[in-house]
Asks: 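What follows is a single structure, and I will ask about it in a moment.
Computed from a prediction, not measured in an experiment: that's the story for all the values here.
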Amino acid sequence: MKQIVLEAPGKFVKRQAPVPEAGPGEALIRMERIGVCGSDFHAFAGRHPIYTYPRVLGHELSGIVLEIAENDKGIRAGDCCAIEPYMSCGTCRACVLGRKNCCEQIKVIGIHVDGGMQEVLAVPVALLHKSDVLSLDQLALIETMGIGAHAVARSALQPGDEALVIGAGPIGIAVLQFAAALGTLVHVVERNEWRRRFVERMGHTVSEKADGRRADVVFDATGNAEAMGASLNHVATGGKLVFVGLTRDPIRIDDSLFHRREITLLASRNSQDLFPEIIRRIEEGEIDTSPWITERLTLSNVVSDFEPLSRKQTLIKAIIDVQEDAG
């Protein structure tokens, strides 16, 4: 079995490994598609605080079931599934409180444990979400969509509210789509001109700068500490600021402004039991991910093409076709 291993920052290697065996409660999945996440680029550059090396990356995943025991989810061999990458312990305080996305012992496939950049993967059946309608491309995007959906849920955004999304990468676009689906007025701020045109083609308003704009709910999806601190300026009195992007750097907050407008600050991490709901909404045409995929590469090409891909200004979402060059 072929797998691509990030051996150290900046160094992918191709290896042959034994085909895994499914343990109790697990299914064997033939990996088909992997979405490339911004955190994968940060891991490659050695800038992510969580990753350890060597690591098989890949946490935005879809595949086809090869082997599975009878289960209460009705999933069978041959089914196409999205793979939820979050493995929670079930016993820590966060899990007991129903906040398993914040599990104190969480292990994320492709981050804490080896992920999808290999031909076959053993996965807990509980993390499989099948669809008879969606393509493998669409299923690989469910995890990214979940980040945006969870952020919108955390914000308690209401129809009639005004929302501002700062940063139009994949996470920002996911937030935009779920916020707009509520019937809210959403404006986007994005510095990259190509991404601004991309958002406009999706039918939404976007500008290079906020220019004094304020909103009831501001979602910062930049992952940039300076931008995250500045986002506070755009929250209306009594409004909310949601940090969706992640940074390892300290964030400076204008406390006087924070108190004067009595702003609520929220963090949003992973997603919480949203895969089935997101799949349903895409199946029913409420959410459209068809414009998202702007780049493709094969598993073998990751070694040579990953670094230049990280610098591509016209990138929204890259998909790795795992089986295209299998064997």
Side-chain angles (χ1 to χ4, degrees), residues 37-39 50 59-60 84-86 88 92-104 106 108 111 129 141-189 204 210 214-225 227-248 251 253 258 261-282 286-287 289:
C37 177
S39 64
I50 296 176
H59 62 273
E60 300 176 7
E84 187 173 351
Y86 314 120
S88 54
C92 71
R93 183 176 187 274
C95 287
V96 170
L97 291 175
R99 302 285 294 276
K100 64 181 184 180
N101 62 310
C102 299
C103 171
E104 295 168 11
I106 196 166
V108 181
I111 297 177
H129 302 275
L141 295 177
I142 301 301
E143 193 274 342
T144 304
M145 299 300 293
I147 304 297
H150 182 66
V152 172
R154 286 277 288 152
S155 75
L157 190 69
Q158 299 295 314
D161 286 345
E162 290 191 18
L164 178 65
V165 178
I166 301 178
I171 299 302
I173 293 171
V175 171
L176 164 64
Q177 289 186 283
F178 283 100
L182 288 173
T184 59
L185 176 64
V186 188
H187 188 81
V188 179
V189 173
H204 300 284
R214 296 185 190 176
D216 301 300
V217 181
V218 176
F219 299 91
D220 191 292
T222 65
N224 177 281
M228 292 165 77
S231 290
L232 194 73
N233 295 300
H234 308 303
V235 184
T237 299
K240 300 173 184 176
L241 172 59
V242 185
F243 285 158
V244 194
L246 175 68
T247 180
R248 65 189 299 176
I251 300 169
I253 293 292
F258 184 61
R261 295 185 189 169
E262 201 169 47
I263 292 168
T264 299
L265 177 61
L266 296 164
S268 182
R269 182 186 184 193
N270 302 329
S271 65
Q272 175 81 353
D273 298 326
L274 292 173
F275 272 52
E277 173 70 9
I278 295 168
I279 288 172
R280 180 192 65 78
R281 294 176 74 173
I282 298 176
E286 183 181 346
I287 301 292
T289 60

Asks: If you take all heavy atoms of Asn101 and Arg269, which pair is closest and at what distance?
Replies: ND2-O, 2.9 Å

Asks: Does any N or O in the side chain of Gln177 come within less than 3.5 Å of the main-chain N or O of Met145, such that one atom is a donor and the other an acceptor?
Replies: no

Asks: Give, for atom CD of Gln158 and atom OG1 of Thr184, the distance between the pair rounded to the nearest 0.5 Å.
Replies: 10.0 Å

Asks: To the nearest 0.5 Å, tell me how far Asp273 CG sits from His150 NE2.
Replies: 10.0 Å

Asks: Phe219 and Ala163: which non-hydrogen atoms are nearest, and at how many Å?
Replies: CE1-CB, 4.2 Å

Asks: Kindly give the heavy-atom pair with the smallest separation between Val218 and Ile166, and that separation in Å.
Replies: CG1-CD1, 3.8 Å

Asks: Parallel, tilted or perpendicular: which fits the ring planes of Tyr86 and Phe275, with parallel below 30° and perpendicular above 60°?
Replies: perpendicular

Asks: Look up atom CG in Leu176 and atom CD1 in Ile171, then write down how far apart they are to the nearest 0.5 Å.
Replies: 12.5 Å

Asks: I need the Ile287 CD1 to Phe178 CZ distance, nearest 0.5 Å.
Replies: 4.5 Å

Asks: Might you work through the side-chain contact (heavy atoms from CB on, under 4.5 Å) test for Leu164 and Val189, ending with a clear yes or no?
Replies: CA-CA 8 Å; Leu164 178 65; Val189 173; 3.7 Å; yes

Asks: For the residue pair Leu274 and Gly146, what are the closest heavy atoms and their distance?
Replies: CD1-O, 4.0 Å

Asks: Could you check whether any side-chain N or O of Gln272 sits under 3.5 Å from a backbone N or O of Asn270, counting only pairs where one atom can act as donor and the other as acceptor?
Replies: no

Asks: For the CD atom of Glu104 and the SG atom of Cys92, what is their distance to the nearest 0.5 Å?
Replies: 4.5 Å

Asks: May I have the step-by-step check of side-chain contact (heavy atoms from CB on, under 4.5 Å) for His129 and Ile142, ending in yes or no?
Replies: CA-CA 10 Å; His129 302 275; Ile142 301 301; over 6 Å; no

Asks: Kindly determine whether Asn224 and Thr247 satisfy side-chain contact (heavy atoms from CB on, under 4.5 Å), including the steps that lead there.
Replies: CA-CA 6 Å; Asn224 177 281; Thr247 180; over 6 Å; no

Asks: Of all the heavy-atom pairs spanning Ala179 and Val186, show the shortest one and how long it is.
Replies: CB-CG2, 3.9 Å

Asks: Is the shortest heavy-atom distance from the side chain of Glu143 to the side chain of Cys37 under 4.5 Å?
Replies: no

Asks: Would you mind writing out the side-chain donor-acceptor pairs for residues 228-242 within the sub-3.5 Å range, not counting sequence neighbours?
Replies:
residue	atom	partner	partner atom	Å
Ser231	OG	Asp220	OD2	2.5
Ser231	OG	Ala227	O	3.0
Asn233	ND2	Ala230	O	2.9
His234	ND1	Arg213	O	3.3
Lys240	NZ	Ser155	O	2.8

Asks: Specify the closest pair of heavy atoms between Arg214 and Glu162, including all atoms of both residues, with the distance to one decimal.
Replies: O-OE1, 4.1 Å

Asks: What's the spacing between Leu141 CG and Thr289 OG1 if we round to 0.5 Å?
Replies: 5.0 Å

